[in-house]
Protein chains: 2
Amino acid sequence: MDKRSPIKIRLTERDASTTITQWVYQTLRQAVMNGQILPGRALTIRGLAEILGVSPMPVREALRQLAAENALEIQGNRRVMVPRMTAMKFNELCEARIALESHAATRALPYIDATRLAQLRQLDQDIDVAFEAGDTEEIGSLNQAFHRKIYTANPHQITLPLIESIWLQLGPFMRLANSLLDENYLVDHHREMTAAIEKQDALALQMSLAADIRDGVAFAGTPELLHSFIEQSAASSTP
Amino acid sequence: MDKRSPIKIRLTERDASTTITQWVYQTLRQAVMNGQILPGRALTIRGLAEILGVSPMPVREALRQLAAENALEIQGNRRVMVPRMTAMKFNELCEARIALESHAATRALPYIDATRLAQLRQLDQDIDVAFEAGDTEEIGSLNQAFHRKIYTANPHQITLPLIESIWLQLGPFMRLANSLLDENYLVDHHREMTAAIEKQDALALQMSLAADIRDGVAFAGTPELLHSFIEQSAASSTP
DNA sequence: AAGCGAACTTTGTGATCACATTTGATCGAT
DNA sequence: ATCGATCAAATGTGATCACAAAGTTCGCTT
């Protein structure tokens with residue numbers, strides 16, 4: 001029944017108002033984002049359905065939706081798996097993140113009012129608290145919330161789904177980045193960003209945002225570390 | 001049975017090797033892209049299934065996939081429709097297109113060799129031929145192929161799915177833009193782009209690419225024209 | 001005649017079933 | 001002992017069925 005590791009997925013209580021498909025989708029999305037499903041691991045509809053305690057139908061739809069968001073990859077053998085990572089692909093994802101998020105931030109900047117700016121500063125403080133507590137998972141979650149809070153200021157939102165698609169693809173590796181962040185968390189780029197927002201300085205915002213993203217994945221600059229993790233990713237395929 | 005206009009969709013022969021879901025997905029995607037389905041028009045699973053001559057199941061999956069790509073919108077009433085357009089949203093989409101495609105082109109530039117450059121020039125000539133023939137649909141298709149041919153030179157492709165998502169959202173309106181292009185097709189930016197590629201000049205490529213995109217949607221600069229089309233889009237909702 | 005509620009219809013969701021293709025294993029031949 | 005073929009289990013795909021919620025229409029009451 002279980003090919004390799006039996007896939008442990010954190011199950012949450014399902015709200016009665018959400019459909020089963022939505023719940024499965026959110027659960028699997030979170031599992032991918034948190035690295036609970038190793039890249040290269042083959043996923044089966046029936047297998048996931050059994051784990052989640054639902055029929056294969058909602059799993060099928062959730063998988064197709066996640067594949068459409070590039071969170072999963074449908075192989076020619078119509079097997080579904082978390083895409084493997086390569087150093088080049090990782091680099092492309094980071095650069096795409098910077099390009100997309102810089103654009104989104106610039107476009108959102110005029111819409112950020114004092115209320116939202118205060119919320120941003122609060123989120124930054126929350127991150128500091130989580131950092132003191134060493135709760136890396138919370139740090140990642142709050143960090144996402146911080147960025148999302150900026151972009152959603154733009155009422156004509158187009159880019160956020162694209163950005164989240166990139167986050168999803170970087171997901172399992174961002175987790176590693178956050179755990180390594182403990183040591184290297186030197187400059188608080190979020191503070192620079194909020195300062196730039198207060199001055200409505202688009203260029204300064206772009207600069208600090210790019211620095212924040214690059215710091216978040218700083219370990220990509222140390223090739224051996226990235227390489228070891230990619231090997232770990234590739235290793236889950238070889239029996 | 002038919003609420004308003006009965007939805008005419010161009011049906012193509014289904015290859016025996018492709019699954020029904022894939023065929024339905026491609027058919028609906030093309031229908032959205034060509035503006036065969038008016039924005040605001042309510043779509044039903046069973047209705048589409050009957051039109052396409054398939055069971056509701058593959059339609060459900062195709063709709064969910066298209067919704068994940070932002071080609072369709074799932075309303076709270078769990079009704080599915082082509083999203084309506086607003087002037088601001090249109091502007092955001094164009095700017096996002098420029099940002100994303102500039103980035104993708106720059107990243108692909110080093111990988112474009114002589115062979116691919118020749119293919120690009122061939123596509124540009126084909127566009128001229130289609131332009132002489134007045135075949136606007138062919139122009140749009142070839143124009144997409146031209147852009148795609150640039151970005152796919154990058155072997156570590158990340159951005160193309162995001163770009164295609166934007167194209168899908170602009171889809172019905174690009175069709176209008178192409179039909180209006182007949183009159184205003186003054187400068188051949190594609191020739192500027194191939195020249196920039198030959199010189200491996202990233203900045204010149206970005207400039208001409210942005211100009212090409214802006215020209216393609218030049219009518220957005222004439223507010224009354226855009227407004228009239230948006231009204232047409234909104235009109236399909238009012239009974 | 002207009003407002004409102006009840007019955008019917010439509011629609012999305014999810015489960016089960018059937019079938020074709022693929023994967024994996026076991027047995028046999030060289 | 002190793003390689004290959006055949007058979008069985010597993011898997012994705014798609015159709016049909018069942019059910020609940022939302023929408024629509026008809027008829028009743030005022």
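Below, each value reflects all heavy atoms present in this structure, side chains not excepted, and no hydrogens, waters or symmetry copies. Values in this document were obtained by computation on a predicted structure and should not be read as measured data. So that the names make sense, note that chain A is the first sequence line, chain B the second, and so on, each numbered from 1.
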Asker: Does D:dG12 have its OP1 or OP2 closer than 4.0 Å to a side-chain nitrogen or oxygen of B:Thr19?
Answerer: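 Checking D:dG12 against B:Thr19, no side-chain N or O comes under 4.0 Å of OP1 or OP2.
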
Asker: Look at all strands and tell whether B:Leu43 reaches a base, only sugar-phosphate, or nothing, counting heavy atoms closer than 4.0 Å.
Answerer: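 Contact class for B:Leu43: sugar-phosphate only.
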
Asker: May I have the step-by-step check of salt bridge (Lys or Arg N to Asp or Glu O under 4.0 Å) for A:Glu92 and A:Arg97, ending in yes or no?
Answerer: CA-CA 8 Å; A:Glu92 287 288 335; A:Arg97 241 198 100 181; over 6 Å; no

Asker: Could I get a table of every N or O pair under 3.5 Å where one atom is in the protein and the other is in nucleotides 15-19 of chain C?
Answerer:
| from | atom 1 | to | atom 2 | distance (Å) |
| --- | --- | --- | --- | --- |
| C:dA15 | OP2 | A:Ser55 | N | 3.4 |
| C:dA15 | OP2 | A:Ser55 | OG | 2.2 |
| C:dA15 | O5' | A:Ser55 | OG | 3.3 |

Asker: Does B:Gln22 or A:Gly47 map to a spot on DNA chain D nearer the 5' end, using the closest nucleotide for each?
Answerer: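 It is A:Gly47, whose closest nucleotide lies nearer the 5' terminus.
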
Asker: Between C1' on C:dT9 and CD1 on B:Ile45, what's the gap in Å once rounded to a whole number?
Answerer: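 The distance from CD1 of B:Ile45 to C1' of C:dT9 comes to 17 Å, rounded to the nearest Å.
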
Asker: Could you grab the distance from atom CG of A:Leu93 to atom CD of A:Gln169, nearest 0.5 Å is fine?
Answerer: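 With rounding to 0.5 Å, CG (A:Leu93) is 5.0 Å from CD (A:Gln169).
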
Asker: Output the rounded distance in Å from CD (B:Glu61) to P (D:dG14).
Answerer: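 Value for this atom pair: 7 Å.
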
Asker: Tell me whether the rings of A:Trp167 and A:His147 are parallel (<30°), tilted (30 to 60°) or perpendicular (>60°).
Answerer: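 A:Trp167 vs A:His147 ring planes: perpendicular.
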
Asker: Which angle, to the nearest 10 degrees, lies between the helix axes at the two ends of the helix from C:dA1-D:dT30 to C:dT30-D:dA1, each defined by five pairs?
Answerer: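 Axis angle across the helix from C:dA1-D:dT30 to C:dT30-D:dA1, nearest 10°: 0°.
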
Asker: Measuring from A:Arg79:CZ to A:Glu73:CD, what's the distance to the nearest 0.5 Å?
Answerer: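 The distance works out to 14.0 Å.
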
Asker: Can you tell me how far P of C:dT11 sits from CG of B:Leu63, to the nearest Å?
Answerer: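 Spelled out: CG on B:Leu63 to P on C:dT11 is 13 Å.
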
Asker: Just the rounded figure in Å: distance from P of C:dG24 to CZ of A:Arg79.
Answerer: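 These atoms are roughly 6 Å apart.
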
Asker: Would you compute the distance between atom CG of B:Leu168 and atom CE of B:Met33 and round it to the nearest 0.5 angstrom?
Answerer: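 Taking CG in B:Leu168 and CE in B:Met33, the distance rounds to 4.5 Å.
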
Asker: Can you tell me if B:Ser141 uses its side chain to pair, donor with acceptor, with the backbone of B:Glu137 under 3.5 Å?
Answerer: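 Side chain of B:Ser141 to backbone of B:Glu137: no pair is present.
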
Asker: Can you check the B:Gln75 CD to D:dG23 P distance for me, whole Å?
Answerer: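 To the nearest whole Å, that distance equals 11 Å.
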
Asker: Using a cut-off of strictly less than 4.0 Å, decide whether B:Thr44 has a side-chain nitrogen or oxygen near OP1 or OP2 of C:dT10.
Answerer: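 Negative; the distance criterion is not met.
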
Asker: Check whether any side-chain heavy atom of A:Gln65 lies under 4.5 Å from a side-chain heavy atom of A:Val24, and answer yes or no.
Answerer: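 No - every pair of side-chain heavy atoms lies 4.5 Å or more apart.
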
Asker: Does a side-chain heavy-atom distance below 4.5 Å link B:Leu123 with B:Gln119?
Answerer: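 They are not in contact (no side-chain heavy atoms under 4.5 Å apart), so the answer is no.
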
Asker: Just verifying a value: how many Å separate A:Arg10 CZ and A:Gln36 CD, rounded to the nearest 0.5 Å?
Answerer: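 These two atoms lie 6.5 Å from each other.
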
